[in-house]
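Accompanying notes for the structure given below.
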Amino acid sequence: MSALYVSVSLSIPVYKEFTYSIPSDGTGPVFPGTIVEVDFHSTIHLGCVSGYAPAEDKSYDIRPLRSVLPLPPLRPWQLQLADRVAWETFATIGEARDLFIPSYRPSWVPWDGQKVTFLENNPDNRCPMQNFLREAGIEHSEEGINLFLFREICHLRKKDLTRLVQAGSLQVNRERWEKPAERTEKQEAQIFWGEIRSFSQSIPMIRELLEPVIRKREKALIVLPGISAVDRFSDLVSPLFPGIRFLRYDGRLSSKERYFRYRLVEGGHYDVLVGTRLALFLPAENVDLHLLFDPEELGHFSDRNPRYDSLHVLFSRVQITGGRMIILGVTPNLWINEKIQRGIIHELSMKSVLPRQTKKMEQVTYEQKKSSLTLVAQKAIGDNLARHGRTIIWTQKTGYSSALGCADCGYYYTCPQCDVALRYHRSERILTCPRCGMTRVPDDTCPRCHGAWMRAWGEGVERVFQSVRRIFPGVLVKSMEADDVLSRENVWTDHCMILVGTSAVLKEEILEKASLLVVNSFEEWLMIPDFRLREHLYQDLHTAWSYLGEKSEIPSRFIVQCRESYQQYLGDFFKPPAAWYGAELKKRQTLHYPPFTILLQLIGKGRNSEVRKNVLMSIRERLTSQDIPVEGPFPGTGLRKKGVFSDELMVRFSPLHEERVYTILTGIIESRIRDGVSLAFEVQQ
DNA sequence: AGCACGCCGACT
DNA sequence: GTCGGCGTGCTC
């Protein structure tokens, strides 16, 4: 029965597992999911056991496991979920499993891995500790509680513990993990979409959702897009449920505190788990309600290693574990809508759902733009100012204008690497490439015809900002470009009345206090060559529409400035989600775009372009021979290029073939670093 | 990813 | 003479 060898996954960018032997001196039971410490290339790594391995391959010396850690082993649902995360993100299995493994300090080992139970005979010593436990919301049970947890809660020192054990008040036993039994019955997953208008207004809805869960003494997991949302949630929701154990989990916790809460979750000592995307990987079993807020927020997307996002992970998770999942947001995205249309996601019906809004969109069209703001918009801003209302002007581009060109010959600056027009920033008098970030100083005269007059084309935030200041002298106008966390909270302080900005201004905190939104040049959005653009624009418009004026006394207005010839497209964007997405999905289907096809960009980075192309071409050849269609590489087409030292392939496949493509592709590349070329994946689904 | 091994330039 | 730069390759 006792196998000698196990294969272990490690969190390294190599698509392979490594074989280790089980030491003969009995380390404790080892089975799939067990967390082990291994020697690897002269360093120590944490790994996760995948299973027993045959030992016939002796082409290298197999090293023994260094130790079996006293961590709870990953459960089958976690291993399964890790696989799906890996398939979706093209990370290695080890990297995906690493999300579930807490960072662990060897100094915890002497305390960990043991269980404490009270003995009957010495009641005196029990009282203070039982008070501590009661305060922490832990009931004493027959099985005992983890010693690491116990020590942290009761502030025990080693000396005190030995004394208590010797006095016979406590009993300490080894924590034993058993190989989990195969699950037979599978619980059904139910997934819902619910529309909210703003976070603070969704509180009655959250209350209605949580109440029955808490009454049934079931557990809830709430995933929010960032730490500020976690704090807001805690402030507003936990007072509604006194006596209920809310457990916060996010990146601000120290590693010890994280492990402490990991153990609390593992022992089931909580009612409502509230956290950022990191909380998705905690060992929370038997969760009845999974709640996810604002799926489009950036905080849900991981920017490194397994580049997962909360929505997909939670979706996969409930399909494995079962339970209810509720997605709450302002506007459903295309992915959610497609699932609604297929009946996989249902629309939430509740008592506390808010009635649809009655805001109206006003169109202003023009043939040729003479000024940034049309007369209608100018008048609206003036009226709004008169009523002490705040105005937001939403512009598509950063910088002063989209391009700097010659009025005589029409020459304009482009990026030599990326083939796109450089953006002109007038205050700094520099040109930047919006794609690769390259900067240069413009010439005094046109480089082609030496004409003296350069003209700025299109409108960026900076240009709109200046013309607004000219039109409304004496009014404080601010501009905002990137996601500036500092200014986000206090944008409206110091009597600022007009804000000009890119999509960075479309935040709940900013929009709710304004009463007029002017969308600058609607047609400029339609020029961007990105298949997801229409979806993003639709979402941005509706999110803005929803937040606008929610905390303003004055009735709000929403004005879209649009060139007359593009007006026909405008109306579509103000249709309700079901109608708009229906048409958009048809388009996507005929063009073989997500969600009907998964698009995988395989990006090769390396200094040597010869080697880089060879690596990509050989991958392409081998994929094609397995009937997986590949496009590219794109050496010259500036549009797809990411930088000077990279090329890429585009792979398209059906969502049904996710696992197959993962297996084949990772089998081909083996490691994400080959011959000095590093490979990266970007998945759009 | 780390880390070793290895091959070239600037120093006690 | 050596120390250390990082380019290349491998990890059970």
Side-chain angles (χ1 to χ4, degrees), chain A residues 2-25 27 30-69 74 79 82 85-86 89-106 251 255 278 281 302-308 602-616 618-619 643-647 662 665-682:
Chain A
S2 69
L4 285 174
Y5 301 97
V6 280
S7 72
V8 175
S9 65
L10 298 171
S11 179
I12 54 172
V14 176
Y15 294 92
K16 226 164 60 158
E17 298 201 332
F18 296 88
T19 308
Y20 287 86
S21 61
I22 299 173
S24 44
D25 52 8
T27 44
V30 175
F31 47 82
T34 304
I35 315 283
V36 291
E37 222 180 7
V38 296
D39 290 306
F40 180 77
H41 202 304
S42 78
T43 46
I44 301 171
H45 276 245
L46 287 196
C48 177
V49 172
S50 285
Y52 303 122
E56 61 253 26
D57 185 359
K58 282 264 172 71
S59 58
Y60 46 79
D61 289 334
I62 295 175
R63 294 211 237 173
L65 296 174
R66 174 167 267 267
S67 69
V68 174
L69 286 175
L74 298 191
L79 295 173
V85 169
T89 63
F90 283 85
T92 64
I93 302 290
E95 286 169 322
R97 285 180 183 171
D98 198 47
L99 296 167
F100 295 88
I101 303 173
S103 68
Y104 197 75
R105 298 285 138 89
S255 62
L278 299 178
F281 305 102
S302 170
D303 49 359
R304 35 167 206 267
N305 259 312
R307 305 235 279 162
Y308 66 91
L602 179 54
I603 303 151
K605 292 178 192 152
R607 306 223 132 231
N608 188 332
S609 70
E610 199 65 31
V611 179
R612 198 170 67 217
K613 272 167 201 154
N614 282 343
V615 168
L616 286 181
S618 73
I619 294 171
V644 196
F645 296 114
S646 75
D647 290 300
Y662 178 84
L665 184 51
T666 57
I668 294 170
I669 68 173
E670 286 174 345
S671 168
R672 255 184 274 136
I673 298 160
R674 304 174 73 210
D675 308 327
V677 179
S678 75
L679 299 164
F681 299 95
E682 246 169 67

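Naming: A, B, ... by sequence-line order, numbering from 1 per chain.
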Q) How close or far is atom P of C:dC12 from atom CG of A:Leu65, stated in whole angstroms? A) 13 Å

Q | Under 3.5 Å side-chain donor-acceptor pair for A:Ser9 and A:Arg97 | A | yes

Q | Sugar-phosphate only, base, or nothing, as touched by A:Thr43 at under 4.0 Å among non-hydrogen atoms | A | sugar-phosphate

(Q) What is the distance, to the nearest angstrom, from the CZ atom on A:Arg672 to the C1' atom on B:dG2? (A) 14 Å

Q | Among A:Val36, A:Leu46, A:Thr34, the one residue meeting side-chain contact (heavy atoms from CB on, under 4.5 Å) with A:Leu69 | A | A:Leu46

Q | Nearest-angstrom distance from the residue atom CG of A:Asp39 to P of C:dC12 | A | 9 Å

(Q) If you only use heavy atoms from C-beta on, which nucleotide in B:dA1, C:dC12, C:dT11 is closest to the side chain of A:Arg63? (A) C:dC12

Q: Could you check how far CD1 of A:Ile44 sits from C1' of B:dC3, rounded to whole Å?
A: 14 Å

Q. In whole angstroms, how far is the P atom of B:dG2 from the CD atom of A:Glu95?
A. 11 Å

(Q) Expressed as a whole number of angstroms, how long is the span from A:Asp98:CG to B:dG2:P? (A) 11 Å

Q. If you look at every strand shown and take non-hydrogen atoms under 4.0 Å, does A:Phe40 touch a base, only sugar-phosphate, or nothing?
A. base

Q) When all nucleic acid strands are considered with a 4.0 Å heavy-atom cut-off, which category describes A:Val14: base, sugar-phosphate, or nothing? A) base

Q. Tell me: CG of A:Leu10 to C1' of B:dC3, nearest whole Å?
A. 15 Å

Q: Taking A:Tyr15 for its side chain and A:Arg672 for its backbone only, find out whether a donor-acceptor pair lies under 3.5 Å.
A: no

**Q.** Nearest-angstrom distance from the residue atom CG of A:Asn305 to P of B:dA1
**A.** 7 Å

Q. Once the angle between the rings of A:Tyr662 and A:Phe90 is folded into 0 to 90°, is it parallel (under 30°), tilted (30 to 60°) or perpendicular (over 60°)?
A. tilted

Q: Establish, with yes or no, whether the OP1 or OP2 oxygen of B:dA4 is under 4.0 angstrom from a side-chain nitrogen or oxygen of A:Ser42.
A: yes

